[in-house]
Amino acid sequence: MGEEPETCSQPRCRRKRARKANGGWYASCQPCLDRRAASCRRRRAALVAEGGCRRCAYRKRLEGDFLCARCRDARDIERAQKRQDVLDAAVIDEFAATPDKVHKASNLDGGISPWNARRKKEPSAAYWSPLPDPEPKSEQLWRTSLTDSGWRYSRS
């Protein structure tokens, strides 16, 4: 854009366009911008006076409230986000306040984590109690068949 601003975009206005704070140009001159802003404020005030939401002015307010349901939900979301941002900033500040220290190796560096590691062995009652006497094989009747003597496998 050149140094010389173009004329205001409003009909029947021949003034130069207003400059923005960042150095650019608005589409309208400052008096037209002020007039349109005042008109918008008056229109919104009239809508609120008729029972419109105090935030958006277009939808009807909830019973006993000054916001519509949509604006109330949006405000609750914004407040929750602000609370979360404050908590996040506190955690970051707390982390930044801790002194730098040399990395201490742990099992986590070797790919072992509490979620994939085996549980530590816990001693059971059998750890302290003596082993039972083994049952003699002659008493283990389930080892021999009642009908088969194994004669096919014997060499004569």
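Along the sequence shown, residues are numbered consecutively beginning with 1.
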Check: Nearest 0.5 Å, what's the SG-CZ distance between C53 and R70?
Finding: 10.5 Å
Margin query: Between K20 and W25, is the side-chain contact (heavy atoms from CB on, under 4.5 Å) condition met? List the steps.
Written below: CA-CA 5 Å; K20 289 183 180 178; W25 299 98; 6.0 Å; no
Check: If you look only at pairs with a residue in residues 48-63, which of them pass as a side chain to side chain donor-acceptor pair (under 3.5 Å), with sequence neighbours excluded?
Finding: R43-Y58, R55-E78
Next item on the list: Mind checking the SG-CG spacing from C71 to D65? Nearest 0.5 Å is all I need.
Entry: 10.5 Å
Item checked: W128 CH2: over 12 foreign heavy atoms closer than 6.0 Å -> yes
Next item on the list: Would you check if the side chain of R17 reaches a backbone N or O of C29 as a donor-acceptor pair within less than 3.5 Å?
Entry: no
Check: Quick one: are Q10 and R36 in side-chain contact, heavy atoms under 4.5 Å?
Finding: yes
Note to self: Tell me every residue that passes side chain to side chain donor-acceptor pair (under 3.5 Å) with R42, counting only those two or more places apart in sequence or in another chain.
What the structure shows: none
Note to self: Does D133, at its CG atom, have more than 12 non-hydrogen atoms belonging to other residues, nucleotides or ligands within less than 6.0 Å?
What the structure shows: no
Item checked: CD-CZ distance between Q81 and R79, expressed to the nearest 0.5 angstrom -> 14.5 Å
Note to self: Other residues, nucleotides and ligands only: do more than 12 of their heavy atoms fall within 6.0 Å of CD on E94?
What the structure shows: no
Item checked: Heavy atoms of other groups near R143 CZ, more than 12 under 6.0 Å -> yes
Notebook entry, point to check: Atom CD1 of I92 and atom CG of D85: how far apart are they, to the nearest 0.5 Å?
Noted result: 9.5 Å
Notebook entry, point to check: Stepwise, does the side-chain contact (heavy atoms from CB on, under 4.5 Å) test hold for R15 with T7?
Noted result: CA-CA 6 Å; R15 296 188 196 95; T7 57; over 6 Å; no
Note to self: Between K16 and E6, does the side-chain contact (heavy atoms from CB on, under 4.5 Å) criterion hold? Intermediate values first, please.
What the structure shows: CA-CA 6 Å; K16 302 289 183 191; E6 301 172 19; over 6 Å; no
Margin query: Which heavy atom of E135 sits nearest to which heavy atom of Q140, and what is that distance?
Written below: O-NE2, 3.5 Å
Next item on the list: Please list, chain by chain and in numerical order, all residues satisfying side chain to side chain donor-acceptor pair (under 3.5 Å) with D148, sequence neighbours excluded.
Entry: R152
Next item on the list: Drop me the distance from R75's CZ to C68's SG, to the nearest 0.5 angstrom.
Entry: 10.5 Å
